Amino acid sequence: MVRSSLGLSPWSVLNEGLVRHTSLSFGTVSAVVGVLVLLGWIPLRQRPRFGTVANVLVVAYCSDLGLWLLPAQFGLPARAGLLVGGILLNGLSVAVYVGARCGPGPRDGLMTGASAATGRSLRFIRTLLELVVLAVGWLLGGSVGIGTVLYALAVGPAAQFFLPRFAYHGTAGREDGTGAGGGTGPGAGPRRTPVLSPAPPAPGP
């Protein structure tokens, strides 16, 4: 999405805006912002897990790797393809890391913690956060365009489409209580399948 130059997601707009005013790479800025957001978890009594830390580090290094691999100049058809591909891949990535159930990313944890602390809906808190981040990133010179609108409209449905295909349900117990593994052969009782909650909006570029 960065190489498409057609607009970024709100948090990536902020990252790119900060890159313009520092000597740091896009990935490094992403990691620094992630750590700063984690500090906001403290008053909200949120606790990071493995997936939270992995989100900060993996997104940062993969962003820099992707920007290194992709050249800076493309024609419009290729840029449009990069934009659509970036949105779809981001939806896939949200489904994979949320479905793993190893902990939310910094931005998602901030959203859920603020919602619990204020009693406001997740939709309200997330929208407020995205608008504030987008405004600050735009003022810093981040790329806002048609890609920003498409991301907002498409990444949620994309993540929701992929999530059931990658969700980890754990080892469900047997209805008859005879074991945790549950079987599929003769005499095996039906398995309880936990209901997976909807995917939160996407945290990253």
Side-chain angles (χ1 to χ4, degrees), residues 1-44 46 48 52 55-68 70-74 76 79-80 82-91 93-94 104-115 117-118 120-156 158-159 200-205:
M1 288 184 67
V2 172
R3 289 296 189 232
S4 76
S5 300
L6 294 172
L8 303 171
S9 65
W11 287 93
S12 292
V13 172
L14 175 62
N15 293 341
E16 188 178 65
L18 291 171
V19 167
R20 294 178 182 273
H21 295 274
T22 67
S23 60
L24 303 176
S25 69
F26 187 95
T28 301
V29 168
S30 175
V32 170
V33 170
V35 171
L36 292 177
V37 171
L38 280 177
L39 295 178
W41 285 29
I42 297 175
L44 300 175
Q46 294 282 90
T52 308
N55 181 281
V56 173
L57 298 177
V58 173
V59 169
Y61 285 110
C62 286
S63 295
D64 278 347
L65 177 62
L67 291 173
W68 178 74
L70 292 174
Q73 298 297 327
F74 286 99
L76 183 58
R79 289 164 56 200
L82 286 173
L83 174 63
V84 173
I87 293 173
L88 291 177
L89 286 173
N90 196 229
S93 70
V94 170
R107 298 151 189 84
D108 296 326
L110 181 65
M111 172 189 66
T112 56
S115 176
T118 62
R120 305 303 294 266
S121 68
L122 290 175
R123 179 179 300 178
F124 174 83
I125 295 296
R126 186 67 185 220
T127 301
L128 180 62
L129 287 172
E130 297 288 320
L131 289 176
V132 170
V133 167
L134 179 60
V136 174
W138 178 71
L139 290 173
L140 291 173
S143 299
V144 177
I146 185 63
T148 309
V149 177
L150 289 177
Y151 183 92
L153 295 176
V155 74

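Given the structure is predicted, the values throughout are model-derived calculations rather than measurements.
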Enquirer: Hydrogens and angles aside, do Thr112 and Ser115 bring a side-chain donor and acceptor to less than 3.5 Å of each other?
Expert: no

Enquirer: I need the minimum non-hydrogen distance between Thr148 and Ser143, along with the two atoms involved.
Expert: OG1-O, 4.0 Å

Enquirer: Output the distance between atom CZ (Arg120) and atom CD1 (Ile125), rounded to the nearest 0.5 Å.
Expert: 7.0 Å

Enquirer: For the CG atom of Leu6 and the CG atom of Leu76, what is their distance to the nearest 0.5 Å?
Expert: 6.5 Å

Enquirer: In Å and rounded to the nearest 0.5 Å, what is the CD to OG distance from Glu130 to Ser9?
Expert: 7.5 Å

Enquirer: I need the minimum non-hydrogen distance between Thr28 and Asp64, along with the two atoms involved.
Expert: N-OD2, 3.8 Å

Enquirer: For Trp138 and Val13, work out which heavy atoms get closest and say how close.
Expert: N-CG1, 3.6 Å

Enquirer: State whether the side chain of Ser63 and the backbone N or O of Val59 hold a donor-acceptor pair below 3.5 Å, judged by distance alone.
Expert: yes

Enquirer: Below 4.5 Å, heavy atoms only, C-beta onward: do Phe124 and Thr118 meet side chain to side chain?
Expert: no

Enquirer: Are any side-chain N or O atoms of Arg3 and backbone N or O atoms of Leu82, one a donor and one an acceptor, separated by less than 3.5 Å?
Expert: no

Enquirer: Which value, rounded to the nearest 0.5 Å, describes the distance between Leu150 atom CG and Ile87 atom CD1?
Expert: 5.0 Å

Enquirer: Please report the closest heavy-atom contact between Leu83 and Met1, naming both atoms and the distance.
Expert: CD1-CE, 4.0 Å

Enquirer: Once you round to the nearest 0.5 Å, how far does CG of Leu38 lie from CZ of Arg107?
Expert: 8.5 Å

Enquirer: Would you compute the distance between atom CG of Asn15 and atom CZ of Phe26 and round it to the nearest 0.5 angstrom?
Expert: 4.5 Å

Enquirer: Does Pro48 offer a backbone N or O that forms a donor-acceptor pair with the side chain of Trp41 under 3.5 Å?
Expert: no

Enquirer: Go through the steps to decide whether Leu8 and Val144 satisfy the test side chain to side chain contact (heavy atoms under 4.5 Å, CB included), and finish with yes or no.
Expert: CA-CA 6 Å; Leu8 303 171; Val144 177; over 6 Å; no

Enquirer: With a 4.5 Å cut-off on side-chain heavy atoms, are Val29 and Thr22 touching?
Expert: yes

Enquirer: Any donor and acceptor pair, going by atom type alone, linking the side chain of Arg20 with main-chain N or O of Gly141 inside 3.5 Å?
Expert: yes

Enquirer: Check whether any side-chain heavy atom of Leu140 sits under 4.5 Å from a side-chain heavy atom of Leu18, and report yes or no.
Expert: yes

Enquirer: Do you know the tightest heavy-atom contact between Ala60 and Ala31?
Expert: CB-CB, 3.7 Å

Enquirer: Mind listing the closest non-hydrogen atom pair of Pro106 and Val37 along with its distance?
Expert: O-CG1, 3.4 Å

